[in-house]
Each structure stands twice: as C-alpha cells, then as structure tokens.
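Below you'll find the structure, written out as structure tokens, and then a few comments.
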Amino acid sequence: MPGTAAPAIETEVVEELDEFIDLEEMVDFDRPWLVIVWNDPVNLMSYVVYVFQKLFGYSRAKATKLMLDVHRKGRATVSSGTREKAEADASRLHAHGLWATITKDV
Amino acid sequence: MFRLVPFRPTRDGKIKGSLRPDEVDLLKGLPSLLRPVIESDLDDPGTKRLFPEASRDDPAVAAAFRSMVHDDLVRQRLGAIDKFESTLDGAGIRGWSRKLEVDEAEAWLSVMNSARLVLGTRLPVSDENPLPEFEPSDPNWAPSLLYGLLGELESYIVQALSVAEGRGVIDISPADFDE
C-alpha cells in the first residue's frame, strides 16, 4: 500500500471493501437470471405439469412440485441461467400460455 | 354406444380424436375468436394475456423481451390455428374423427389453451371464481359453456400427448396436496 504512514485499521478495511465491490461489478454477468412462473386461474394443473416436463425435461415429481408451488405460493422459479437462456425459456413458456417473468438473481 | 374419449393415444404414437357434431361446431369458431386477438395491438385484455410482460419491475427488460419475441410468438400462434383448421375439416353429421400427428395435436392444444386464456379475461375467470356461471339471458352464457368444454377437451388431449410423447399419464394424486 502507498504512503509512509501505516494506515488506520478502519481505512484498511474500507479500502479492501472497495476493491471487493469493484470485483463484484466486474463479474456481474456471472449472476444468473431467474425465470419465474406466476399463478393464473385458467391453466389446468395437468397442463402446467405437461409444459414443465416438455420444455425443461423435468421428472413428473419435480414438475408436479413446481406446479404446486406456483399454485400455493403464487409463483415459483422454474429455471435459471444467462439472460439469453432466461429470455428463451420465458418465450417458450409464453408460447404455451404460462405467465413467466425474468429477473436477475440477488 | 358410449361416448368416446375425445382424445386418446394410439399404439403407433399418435392421437386419435373423436368429437360430437356440436363440439365440432363450437371448435370451428375458435379461429375467428383468436385471430383478431393475436393480431391486435395490445389494447385488448385477451391480447395482453397472450403476450404478457416478461418483467414486473423493469420496463426496459420487458420492452427488450417484447421486441425480440412478439412477432415470432404471433407467427407461432397463427401457424397453430392454421394447422388446427386444416385438421378439423371433414366433419359430418356423426361428428369428427381423425388420427392426429403429435405436431397436429400440439397445435390443437395451443388453440384450445389460447382460447381458454382469452375467454378467461372476458368472463372473467379468477381464483375466487374459477368456473363462473351465468343465466342463459346473460351474454356470457355461451362463452362460459365454451370455456367449460375447452377445459374438458384440453384435459384429455394433454394426457394423450403426454403418453404419445413418452412421458406417460399425468396423475396428480391427493398425496401431492399434503403439505
């Protein structure tokens, strides 16, 4: 570290934190995007299970659990990945009449 | 003769459809119900439901998604309607019966599901009122019957497709609902 005087402990910590935050922003693109499916009153349960299995290759058990999560909790995260993948997944879900949104993971 | 199951998987991996004349008559109306909604410019609740926002909190993300995806989605949906129309022909006084390829059955599923979504915005359907009932004097009487029929037909075609596509029957058991 530059300077002849030894830095106070607080300054050392703050400088290290600044470096950490800059690194975080540099690797921002690594944080995944999430695809969320929202509950709706029209789509049949069997249909939603069918769509999750067909689009994502999920097992019957996983597709059913996700469907029930959407049904009970109002929403569920069904996939994640790069923004491009999230957009592609969401557009396929929209094509099947499900309401999907994409959001950056926190 | 008992009423045939509307859609069932066949041994050769296809889907056999059998519909009554009154069902055929109702289904014949689906293209003209859907095409205007699909081709409209988002003022209609039905259109908004078929082309929903892809972000609830970031308008830029939603706008980017829409510009990327909208036209393709319109093409896909109109293509499904064309395929549905071409395979629904040939109905007679005894109804309609045909062996559908998987891609044709998927087009049927798309059309029936889209119609349910659009009707759902008009009745309207909500969690509090998932199966709205109307008096015959209400303009929503016939649409609500169509909505109910489409739900029934869709549940059969979903099962048939799941089997034809090699994933077996979808049975959601009471145990699934245990917390």
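Basis for what follows: all heavy atoms, side chains included, without hydrogens, waters or symmetry-related copies. By convention in this document, chain letters (A, B, ...) are assigned in the order of the sequence lines, proteins followed by strands, and residues within each chain are numbered from 1.
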Quiz prompt | Structural part of B:Phe51 lying under 4.5 Å from a heavy atom of chain A | solution = neither

Quiz prompt | Student check: side-chain heavy atoms of B:Asn113 and A:Asn43 closer than 4.5 Å | solution = yes

Quiz item: What closest approach, in Å, do A:Met45 and B:Ile172 show between heavy atoms, and which atom pair accounts for it?
Solution: CB-CD1, 3.7 Å

Quiz item: With respect to chain A, which residue among B:Arg77, B:Glu106, B:Arg167 yields the maximal number of heavy-atom pairs within a distance under 4.5 Å?
Solution: B:Arg167

Exercise. Apply the test side-chain contact (heavy atoms from CB on, under 4.5 Å) to residues A:Tyr47 and B:Ile170: give CA-CA distance (whole Å), side-chain angles for both, the deciding distance (0.1 Å), then the verdict.
Key: CA-CA 9 Å; A:Tyr47 178 71; B:Ile170 301 168; over 6 Å; no

Self-check item: Heavy-atom pairs under 4.5 Å with chain A, option from B:Leu117, B:Val69, B:Asp57 with the top count
Solution: B:Leu117

Quiz item: Tell me, side chain or backbone of B:Val125 under 4.5 Å from chain A's heavy atoms, or both, or neither?
Solution: both

Quiz item: Given the rule that I, L, V, M, F, W and Y join up when any side-chain heavy atoms are under 4.5 Å apart, are B:Leu109 and B:Val102 in one cluster?
Solution: yes

Quiz item: Taking every heavy-atom pair that is under 4.5 Å apart, which of B:Ala62, B:Pro52, B:Gly120 has the most such pairs with chain A?
Solution: B:Pro52

Quiz prompt | Shortest non-hydrogen contact between B:Asp127 and A:Pro41, atoms and distance | solution = N-CB, 3.6 Å

Quiz prompt | Contacting region of B:Leu73 [heavy-atom separation from chain A under 4.5 Å] | solution = side chain

Quiz prompt | Sequence neighbours excluded, every pair satisfying salt bridge (charged side-chain N to carboxylate O under 4.0 Å, His left out) that has a member inside residues 55-67 of chain A | solution = A:Lys65-A:Asp69

Quiz prompt | Options A:Ala100, A:Ser46, A:Ala63, A:Ser59, ranked by heavy-atom pairs under 4.5 Å with chain B, top entry | solution = A:Ser46

Quiz item: Can you say whether B:Leu161 sits under 4.5 Å from chain A via the side chain, the backbone, both, or neither, judging by heavy atoms?
Solution: both

Exercise. Output the distance between atom CZ (B:Arg116) and atom CG (A:Asp40), rounded to the nearest 0.5 Å.
Key: 9.0 Å

Practice problem: State the OG-NZ distance between B:Ser162 and A:Lys54, to the nearest 0.5 angstrom. | Solution: 11.0 Å

Quiz item: Is the closest side-chain heavy-atom distance between A:Glu87 and B:Val61 below 4.5 Å?
Solution: no

Practice problem: Counting only heavy atoms closer than 4.5 Å, note whether A:Ala90 contacts chain B via side chain, backbone, both or neither. | Solution: both

Quiz item: Would you say the side chain of B:Phe65 lies within less than 4.5 Å of the side chain of A:His94, judging by non-hydrogen atoms?
Solution: yes

Quiz prompt | chain A contact via B:Val74 - which portion, at a heavy-atom distance below 4.5 Å | solution = neither

Quiz prompt | Basic-acidic side-chain contact under 4.0 Å: A:Lys104, B:Asp58 | solution = no

Quiz item: Which residue out of B:Ser55, B:Ala80, B:Pro124, B:Ser114 racks up the most heavy-atom pairs below 4.5 Å with chain A?
Solution: B:Ser55

Practice problem: Identify the heavy atoms of A:Trp99 and B:Arg56 that sit nearest to each other, and give their distance. | Solution: CH2-NH1, 3.0 Å

Quiz item: In terms of heavy-atom proximity below 4.5 Å to chain B, should A:Leu68 be classed as side chain, backbone, both, or neither?
Solution: side chain

Self-check item: Segment of B:Ser155 engaging chain A (4.5 angstrom heavy-atom cut-off)
Solution: both

Self-check item: Hydrophobic cluster identity match, A:Leu44 and A:Met67, side-chain contacts under 4.5 Å
Solution: yes

Quiz item: B:Glu128, B:Gln159, B:Glu53: which one forms the most heavy-atom pairs within less than 4.5 Å of chain A?
Solution: B:Glu53

Self-check item: B:Trp108-B:Ile81 co-clustered via ILVMFWY side chain contacts under 4.5 Å
Solution: yes

Quiz item: Above 12 or not: heavy atoms from other molecules or residues under 6.0 Å from CD of B:Glu152?
Solution: yes

Quiz item: Run the side chain to side chain donor-acceptor pair (under 3.5 Å) check on B:Glu165 and A:Tyr50 step by step: do they pass?
Solution: CA-CA 10 Å; B:Glu165 290 170 354; A:Tyr50 167 82; 3.2 Å; yes

Practice problem: Look at the side-chain heavy atoms of Ile, Leu, Val, Met, Phe, Trp and Tyr, link any pair under 4.5 Å apart, and say whether B:Leu153 and B:Ile157 land in one connected group. | Solution: yes

Quiz item: In terms of hydrophobic clusters joined by side-chain contacts under 4.5 Å, are A:Phe56 and A:Val70 together?
Solution: yes

Quiz item: Does the B:Arg49 side chain pair with the main chain of A:Gly97, one donor and one acceptor, at a distance under 3.5 Å?
Solution: yes

